[in-house]
Protein chains: 4
Amino acid sequence: MQASNSSDKQDAPGARTFTESARRAQIVAAAIEVIAEVGYSKASFARIARHAGLSSTGMISYHFAGKDDLMREVVVEVMRVAEAYMRPRIEAESDFSARLRTHIESNLALLVEYPKHLPALIEVLTNVRGDSAGLGEFVGVTEEMNRVLAERMREGQRVGAFREFDADVMVHAMRGAIDEVVGRAAREPGLDVTACGRELAEIFDRATRNTAP
Amino acid sequence: MQASNSSDKQDAPGARTFTESARRAQIVAAAIEVIAEVGYSKASFARIARHAGLSSTGMISYHFAGKDDLMREVVVEVMRVAEAYMRPRIEAESDFSARLRTHIESNLALLVEYPKHLPALIEVLTNVRGDSAGLGEFVGVTEEMNRVLAERMREGQRVGAFREFDADVMVHAMRGAIDEVVGRAAREPGLDVTACGRELAEIFDRATRNTAP
Amino acid sequence: MQASNSSDKQDAPGARTFTESARRAQIVAAAIEVIAEVGYSKASFARIARHAGLSSTGMISYHFAGKDDLMREVVVEVMRVAEAYMRPRIEAESDFSARLRTHIESNLALLVEYPKHLPALIEVLTNVRGDSAGLGEFVGVTEEMNRVLAERMREGQRVGAFREFDADVMVHAMRGAIDEVVGRAAREPGLDVTACGRELAEIFDRATRNTAP
Amino acid sequence: MQASNSSDKQDAPGARTFTESARRAQIVAAAIEVIAEVGYSKASFARIARHAGLSSTGMISYHFAGKDDLMREVVVEVMRVAEAYMRPRIEAESDFSARLRTHIESNLALLVEYPKHLPALIEVLTNVRGDSAGLGEFVGVTEEMNRVLAERMREGQRVGAFREFDADVMVHAMRGAIDEVVGRAAREPGLDVTACGRELAEIFDRATRNTAP
DNA sequence: GATGAATGAGATTTCATTCAT
DNA sequence: GATGAATGAAATCTCATTCAT
């Protein structure tokens with residue numbers, strides 16, 4: 001008999017119980033709401049646990065590796081929902097200009113449908129810097145999405161659907177304008193988000209439109 | 001440029017010695033830099049004191065009624081600088097469209113001149129909620145400024161300089177687009193902010209332009 | 001080699017199924033390795049469970065009455081192995097001096113054979129104080145073993161095999177010197193433990209040798 | 001006016017108030033006693049603070065950068081005391097053999113004089129592994145001290161004062177034998193440590209003595 | 001006016017243990 | 001017999017604020 005198996009065994013990392021997944025989802029949902037309501041910095045485990053009806057913060061630490069892990073799941077969840085909501089709507093359109101309008105309008109329709117998701121996403125992404133290891137990645141993901149969007153715009157420019165402009169600046173302007181509506185909606189409960197969406201769509205349609213003959 | 005007296009101490013309204021004002025200004029300047037560099041949530045008194053070359057956080061508490069008070073001064077200072085920088089440039093223009101362009105371009109020129117001021121302002125304003133007593137006021141101030149801006153736009157619409165659109169949405173879109181450049185500039189050091197300003201100006205010129213005959 | 005039954009469960013004294021014993025043995029083996037590798041204080045149930053390929057710490061609590069119980073089994077197991085290894089080798093020798101040498105050398109040979117056992121034992125015994133109910137007993141067991149050893153030495157003194165010295169101090173010196181090699185072996189992987197054993201044997205042979213005519 | 005001093009200022013690191021130093025010393029003293037009494041793993045900030053008559057653990061965190069920092073100070077303090085106590089006594093002796101005896105005896109005399117210091121030192125050093133950044137250094141310091149000691153022994157061998165043996169093993173044997181007395185003294189309050197010192201000195205004198213003509 | 005020292009609340013995290021299934 | 005889930009205590013650390021000097 002000799003000393004054996006000196007390195008820890010590891011379960012298949014994807015294996016997760018039903019109840020475990022349910023709990024995680026429940027906690028993520030609570031986190032989204034708390035973050036949207038009180039902001040990232042005040043969204044402590046204690047508050048999230050209370051909101052989720054859990055008896056202790058240890059519960060959250062039990063299901064998530066740490067605050068970063070939870071926040072990552074928040075981002076993943078919101079992006080999942082956003083993708084599922086927006087992509088089919090956008091892809092249903094065929095010409096560049098309509099896609100652009102639909103991108104903006106479906107993004108804000110998503111805000112109407114899930115009023116806490118986008119505020120939470122913005123809170124998390126703006127309160128994360130170079131630190132927090134695995135979360136910085138999502139800043140990268142967002143930037144990548146913006147790059148793809150800009151590339152689409154450049155295609156539109158090549159085929160004459162759009163005028164000449166700096167596509168990166170345009171994409172970020174759109175992004176900023178939409179996020180501003182998200183922020184306003186949180187501060188002004190009565191705001192007609194759908195109407196804002198139409199206005200923004202018009203703004204960026206005019207800003208991108210090719211007026212050459 | 002003098003230290004402002006816009007926030008009064010409890011007992012002696014407006015009265016403040018020179019050294020006191022100098023200390024406050026020094027601390028506010030340090031706070032702006034720290035907030036811009038590490039973000040609002042990590043901008044603790046300890047970090048600000050260290051950055052200002054102070055030996056203890058007690059110094060800050062001594063000069064400011066609390067964190068809210070300091071943050072209010074940060075906002076006041078940045079707005080003072082912004083106002084001093086942008087207003088004359090904007091007022092030098094006479095027609096609506098030029099004023100709009102100048103608003104955007106001077107705002108981003110300000111970012112080039114004072115790279116920490118606008119990031120700090122945005123950090124503070126986005127990390128403040130209904131709580132923190134006297135700070136919510138500044139969200140109101142900002143909204144008031146936006147309302148004034150929107151009113152100018154409506155004037156422009158009345159005289160036919162601008163097309164018909166929801167002026168509030170337009171103002172916030174501008175606001176969001178500019179703030180996005182501020183954020184990008186922090187993440188991408190090489191970004192040509194001036195060029196972004198020109199692009200944004202073009203975007204919102206086209207978005208507001210009256211194309212009717 | 002069989003799983004021992006030295007620690008009884010509450011109700012059914014001595015009765016333990018095969019799987020139960022196997023599980024206990026598996027956990028004890030994992031505990032020995034973990035303790036040797038990361039030290040007593042970091043050897044949490046979580047780590048031991050992971051090392052043993054178990055999915056939860058509940059498993060350990062299920063099979064052991066508590067951490068003390070597990071640690072007691074660790075001690076028992078190591079002592080069992082040590083006894084089985086060293087005793088026949090020592091008893092094969094007939095004169096006092098040879099027994100002393102063999103005691104030291106077989107102790108360190110045991111370290112070569114089971115590199116994790118002695119480190120684990122030392123970790124447990126040095127991290128246990130008067131508290132932890134049933135574990136203090138083992139400090140007593142160890143002391144008892146030392147007393148027996150000292151008694152043997154005094155016999156050797158009576159028959160003139162050893163010089164006069166304080167047998168307790170001598171035994172503890174031996175103990176300390178051996179344990180120090182155990183510690184060194186953990187810190188210096190290339191250490192020639194067998195050679196250390198020969199050197200130690202020589203040291204204590206000279207320290208005990210009767211030089212009188 | 002441009003943004004300036006973007007990197008935090010730093011006080012001269014050695015600057016420390018009188019009261020600050022006194023508090024630190026008080027906390028270190030309390031830590032030494034607590035560690036010696038309940039062991040490293042149970043020596044929590046809470047316990048140390050209580051022992052020192054402080055009202056909160058925050059007090060300790062205020063004066064020390066963390067647990068590692070406090071432990072480092074504990075080690076430094078004990079080594080400082082040990083050095084001040086042992087060195088002059090050892091250096092008062094001129095021949096190798098007397099120095100060896102004095103090393104052992106003064107080490108244990110130190111234990112009589114400061115009964116908590118050595119137990120605390122041993123606790124800290126044995127409960128630190130590769131982790132805890134700045135503390136691993138002290139394992140190195142200890143090893144360095146052992147190397148120096150071994151070098152002295154080899155000098156003694158070269159001049160014929162000592163017989164041939166592995167000096168490293170001898171030094172560690174001495175170390176282990178002394179530490180074992182430290183441990184015993186904690187468990188057996190009545191132990192005559194001075195007598196143990198004499199016995200150990202005799203043991204290692206005989207173990208090293210050159211018996212060749 | 002200024003400062004170092006102290007404070008206590010609150011944050012995240014880890015742990016051994018218990019419980020329902 | 002076995003297991004995943006839950007729990008609450010305790011640990012370290014950070015923070016804004018207060019106080020005595």
Which range-with-range stems can be found for DNA chain F when each stem has 3 or more Watson-Crick or G-U pairs in a row and both distances sit under 3.5 Å? E:2-21 with F:2-21
In whole angstroms, the gap separating P of dA11(F) from NZ of Lys42(D) amounts to 11 Å
CD1 (Ile27(D)) and CE (Met59(D)) are apart, to the nearest 0.5 Å, by 6.0 Å
Rounded distance in Å - CZ (Arg50(A)) to C1' (dG10(E)): 11 Å
Out of curiosity, Ile32(D) CD1 to Glu73(D) CD, how far, rounded to the nearest 0.5 Å? 10.5 Å
Considering just the side-chain nitrogens and oxygens of Ser44(C), establish if one lies under 4.0 Å of OP1 or OP2 belonging to dT14(E). no
Nearest-angstrom distance from the residue atom CZ of Arg47(C) to C1' of dA16(E): 15 Å
Nearest-Å distance, NZ (Lys67(C)) to P (dT18(E))? 15 Å
Nucleotide dT17(E), atom C1' - distance to CG of Leu70(C) in whole Å: 14 Å
Quick note, Thr19(D) side chain, CB onward, closest among dT12(F), dA11(E), dA5(E) is dA5(E)
Only counting residues at least two apart or in another chain, list the ones meeting side-chain contact (heavy atoms from CB on, under 4.5 Å) with Leu125(A). Val75(A), Leu121(A), Phe138(A), Thr142(A)
Mind checking what makes side-chain contact (heavy atoms from CB on, under 4.5 Å) contact with Glu20(D), not counting sequence neighbours? Arg16(D), Thr17(D), Arg24(D), His63(D)
Quick one: list whatever passes side chain to side chain donor-acceptor pair (under 3.5 Å) with Lys67(A), sequence neighbours left out. none
Drop me the distance from Arg72(B)'s CZ to Phe64(B)'s CZ, to the nearest 0.5 angstrom. 10.5 Å
dA6(E), OP1 or OP2 - any side-chain N/O from Arg23(D) closer than 4.0 Å? yes
Any pair counted as side chain to side chain donor-acceptor pair (under 3.5 Å), so long as it reaches residues 46-56 of chain A, sequence neighbours left out: Glu33(A)-His51(A)
Starting at atom OH of Tyr40(C), determine the distance to atom P of dC15(E), rounded to an integer number of angstrom. 13 Å
Look up atom CD in Glu123(A) and atom CD in Glu37(A), then write down how far apart they are to the nearest 0.5 Å. 12.0 Å
Inter-residue atom distance Gln26(B).CD - Ile48(B).CD1, 0.5 Å rounding: 12.0 Å
Residues of residues 54-64 of chain D with any non-hydrogen atom less than 4.0 angstrom from an atom of DNA chain E: list those, numerically ordered, please. Ser55(D), Ser56(D), Met59(D), Tyr62(D), His63(D)
Separation of atom CZ in Phe45(A) from atom P in dG8(F), rounded to whole Å: 18 Å
Roughly how many Å is it from CD1 in Ile48(C) to P in dA16(E), rounded to a whole number? 8 Å
